[in-house]
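A, B, ... follow the sequence lines: proteins, then strands. Residue 1 opens every chain. From a predicted model like this one, the values you see are computed outputs, not experimental measurements.
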Amino acid sequence: MFKQFEEKISYPKIEESILKFWKENQIFEKSISLRDEKNSFTFYEGPPTVNGRPGIHHVMARTLKDLVCRYKTMTGYQVHRKAGWDTHGLPIEIALEKELNFSQKSDIEKYGVAEFNKKAKDLVYHHIEMKEGWRTLTERMGYWINLDEAYITCTNEYIESVWWSLKELYKKGLIYKGFKIVPQCPHCETPLSSHELALGYDEVNDPNVYIKFKLKDEDASILVWTTTPWTLISNVALAVGEDIDYVKIKTEKHGVLYLAKARLSVIKEDFEIIEELKGKALLGKEYVPLFNYIPVDKKAWYVISGDFVSTEDGSGVVHIAPAFGADDYEVSKKYDLPFIQPVTKSGRFTDQVTDFAGRLVKSIQFQTHEEKGVDPDIIKNLKERGLIYRAGNDYTHSYPHCWRCDNPLIYYARDSWYIRTTEIANRMIELNKTINWCPPEVGAGRFGNWLEENKDWSLSRDRYWGTPLPIWLNEDGDMIVVGSIEELKEGFVERDGNKIFVKDLPKDEIDLHKPFVDEVKFEKDGKIYTRTPELIDVWYDSGSMPFAQWHYPFENKEIFESNFPADFICEGIDQTRGWFYTLHAIATLVFDNVAYKNLIVNELILDKNGLKMSKSRGNVIDPFLMFDKYGVDATRWYLVTTSPPWKPTLFDEEGIVEVQRKFFGTLVNTYNFFALYANIDKFNMSEEFIPYSERPEIDRWIISKLHSLVKEYTELMESYDVTKAARQVSNFTIDQLSNWYVRRSRRRFWKSEINANKLSAYQTLYECLLTVTKLAAPFAPFITEELYQNLNNVTKKENYESVHLAYIPKPKFIDTELEEKMEIAQRVVYLTRSIRAKNNLKVRQPLLKMMVAIDKSKRDALSKMEDVILEEVNIKKLIILDDDSSIVNKTAKPNFKVIGPKYGKLVKSLTNAIKLLDGNSIAKIEKEGELELTIENEKIKITNEDIEIVSHEIEGWLVESEEGVTVAVDTELNEDLIAEGYAREFVNRIQNMRKDANFDVIDRIKVAYFSDQKLFDYLNKFNDYISNEVLADEINFNSDLEKGFEQNFQIADFNCKIIIKKV
RNA sequence: GGGCCUGUAGCUCAGAUGGUUAGAGCGCACGCCUGAUAAGCGUGAGGUCAGUAGUUCAAUUCUACUCAGGCCCA
């Protein structure tokens, strides 16, 4: 027996039981072990940072990852997939600082690095395993990935692989220490890399200040604009553009000022232009420094030239502080300007800056409190000295913020370690061209541009919880780079004044983290090497996962080699400069290869109003809530089908409801219909298989449609267009299978004894259901499993334990001609229904005849579909009209695609001429294939191809027309038709009563009714028909049935009481 | 300021190698059908395909610019 679904299905409940089934039978494990290892498809899991709870956007990315892997499995590939967790770095440290109530970085030192790191490790493991955490989400949503052998970035093995790769880079001369302007987070007291910078731009209001720099040798000032007043203390020069036009103006209040002519709009008072001059003329002018806290050793405070100066904002003069800007630093080297660095790595002024010593340069939000920056006080100071032209705090722009603590960054000159990625930038660009990006524009555009502007990778971080930079230095700056634990063992530690070699330490004391690694020292040629204290960028960790997840090259050499590069990865667009970049950069650096061949980029998920989801707006969607309400399948299906992954998705719960009702509801309903009748007929696919060629037209049609679907689906999936693939499955199920095939074929299931025709219907519907189930399986893994089990457990046609171990079938029976035929039939039916609807003619009322005018080439197809059409529209006779039929009025329409290229400019006049052609001329073209016309004094022979002939009305009939098909319906009724209509009404009432009375579909009944004699006269003619339809053994007029089920009706003008009773 | 994407019905989205009637679902109104039945189907209202200019016999589609929104970069 096929299992029937209850009327009210609880999808979440089914999903729970499927999860159990998978677990007990190890289906996931089998989906890998049962596939040929030589036919592998490699997927890399981008490790989420295990920090806090997962959200709906994680469900999106994980659905895409999962469905591609499941699909590949179902096409025969072996798809290994290791989960991974990103466990190092600032996000974890910050979460922990919060927990420990620390307010600044130095608290960690006070607390003890060893203890801090131990806590960090505990925290990440807790986040992985906690309730409603990562493991729960992954399992509940059916994301199949190996969680038990996940790679975890904070293990010794992982770090050792990372170290190995760094040593490889060192050997290639790609690692160096440099003094550069870097984005520095004063809160976290660490530099960030440019890709981290990309993660944290925010719209903010900054100071908008115009300052007067007094010139030494004339009574005038240069007007300078800045948004960072705190950098003025380090000012050493002013830059102008040599070719920019400047003006010298006189004002009442502020005296004589120099500024760019194009920026005069900043002067809000009356002024007089005294002189116009080029920037060149200003070069060398000396000015009085604003501050002199710090003595300088070189010539400073004069006007220099800078090609970066623009007149787009400000005053057209840029103040130069070499310690705080990349342009400033570069130009200062060119002019040999002094370097003033009065700010510490934590963003505070040094004691040298007496008035502001210890003050923060920017406001910072600490865990416990906010501390204000120094800008307002500097402005106040300058104002008191009359040096401010104008000061506000209203300059709105996007400014980089720390991606984890949200505080504004400062550009800051300092020492740090770099990877020379610029050396392989061209190679990265080249390799990138071989990657299949979905969508392509992100790869060519966003990522491509990024590669072209490549800067060296700022690798080091001044933090605690992360992979240590494996570099040891001696006092001369000579370095040792450690590439493995073996090499580390050559070092020693000092314990109680004793020197102990690392190799002699117990194994569990060797922890590739701070503070242990800092203890280790090396001795070479009599010199002592100590570790440089920095960690590496956490993004380097995740970018190393292709090899580090396998502890390569220390173990698993073959596995790594056969699984590199990945065939497929999939992450959010925010990873363009994150993981996508670090994977690509490291693969290019270490292996001179790509790290992935195909990738799907997914966009943000917004709320239904298009706003970003955020806790403060309260519009965050909890994935677990969706799962409990609608189930995982509907949520997954909705996310994938509502818009392509690479377009922002507006998340609307209503959408899930609709998906569930329309697609899943229809699919399950269709299955239930099948199960109902198959059970009655004891059908189980053990019957003789009826070859497609011997099946009725409608069966061959749906089979052909099904196989066309498989073909299209496969093509789309192969090109990673998963949204379209799923939409096709849904359209087929709803429109073709349910609304046409099943509806058209219903009678075959519920009528008559079992014969070839009925068997054919069962076999056809079974195949459709089974195939649709398989196609939908990667997207909706649960309900498809349930359906597959229900179908296959009875028939035992396949011996796969799970739909996910089955194979996507190959399309083999496609009959395009037949599909086209049915399309014509469907069009005729729709047109006919439209006529009936417009004229209020119920379908239950049979009509005598209809006529169809259609192009010659399609007449044959139409006549083959006659039965389907007539039955569907309840009309007795179909007349297909010939060309020379005089009842059709024909006009001609130009076929622009043909005449356009042929006649060019004549098209306009020709169009008019064609539209004016009369019936005779059209008939002539139809008969002779051509007609001569004179257009603008040119003789033109138009042929059949040049025009399209449209039949648009039939005299005296109700007519509808569309795309070259014209349908006309004869609405005249006679007594027989009326009688038959009544009989149908009567049947309909009884069927409804059977339903209301809860009779079984196969129960036989007796019928009795009371009504007008006239109605009886009509109905009596159709007694056999009625009995047959309602399974009645007898029908009696004007008699009663004891204890029968009775109801009163109105049939046309007659009142009627009907009583039915089971036999 | 630069790059990329988006702009089609009240809403969510399709589509068109440029061809004269631009589609679907949801919502609304009115019908219909129903032995799958708390489904289904049809009809109707609703669109200057963001705007302007250009290329073309023909532009919603191609090009340029403008406007609006998003993401990214400076």
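Using a 4.0 Å cut-off between a side-chain N of Lys or Arg and a carboxylate O of Asp or Glu, A:Lys1006 and A:Asp1033 do not qualify as a salt bridge. The residues A:Glu872 and A:Arg743 are annotated as salt-bridged, a charged nitrogen and a carboxylate oxygen being separated by less than 4.0 angstrom. The existence of a salt bridge linking A:Glu871 and A:Arg744 is confirmed by a sub-4.0 Å separation between a basic side-chain nitrogen and an acidic carboxylate oxygen. With salt bridges taken as basic N to acidic carboxylate O contacts below 4.0 Å, one links A:Glu653 and A:Lys629. Comment: A:Arg989 engages A:Glu985 in a salt bridge, judged by a side-chain N to carboxylate O separation of less than 4.0 angstrom.
Counting non-hydrogen atoms of neighbouring residues, nucleotides and ligands closer than 6.0 angstrom, the NZ atom of A:Lys1061 exceeds 12 such neighbours.
Between A:Tyr677 and A:Phe749, the angle of the ring planes lies from 30° to 60°, which puts this pair in the tilted group. By the 30° and 60° cut-offs, the orientation of the rings of A:Tyr412 relative to A:Phe324 is tilted.
Picking from B:G3, B:A36, B:C13 the nucleotide with the shortest atom distance to the side chain of A:Phe673 gives B:A36. Minimum atom distance to the side chain of A:Arg577 is reached by B:C72, of the listed B:C72, B:A36, B:A14. Side-chain proximity of A:Glu658 to the nucleotides B:G25, B:A14, B:G3 is greatest for B:G25. Proximity note for A:Thr670 (side chain, C-beta onward) versus B:A14, B:C71, B:A36: the nearest is B:A36.
Using a 4.0 Å heavy-atom criterion, one finds that A:Ser738 contacts the bases of the nucleic acid, with or without backbone contacts as well. In this structure, A:Pro440 reaches neither bases nor backbone, as no heavy-atom distance under 4.0 Å exists between it and the strands shown. Nucleic acid contact class of A:Glu453 (heavy atoms, under 4.0 Å, all strands): sugar-phosphate only. Across all strands, A:Val442 comes closer than 4.0 Å to no nucleic acid atom at all (heavy-atom distances).
RNA chain B is contacted by both A:Tyr741 and A:Ile573; A:Tyr741 maps to the nucleotide lying nearer its 5′ end (nearest heavy atom per residue). Mapping A:Ser643 and A:Arg984 onto RNA chain B via the closest heavy atom, the residue that lands nearer the 5' end is A:Ser643.
Taking atom CH2 on A:Trp450 and atom P on B:C5, their separation rounds to 20 Å, with Å as the unit. Rounded to whole angstrom, the span from the CG atom of A:Leu737 across to the C1' atom of B:A36 amounts to 12 Å. For A:Ile9 and B:A36, the CD1 to P distance is 16 Å, given to the nearest whole Å.
For the atom pair CH2 of A:Trp539 and CH2 of A:Trp579, the computed distance is 10.0 Å after rounding to the nearest 0.5 Å.
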One character per nucleotide, please: for nucleotides 39-44 of chain B, 5' to 3', B when the base has a protein heavy atom closer than 4.0 Å, S when only the sugar-phosphate does, - otherwise. SSSSS-
Dot-bracket for RNA chain B: what is it, with Watson-Crick or G-U pairs under 3.5 Å, [ ] where a pair crosses earlier ones, and | for a pair to another strand? (((((((..((((.....[...)))).(((((.......))))).....(((((..]....)))))))))))).
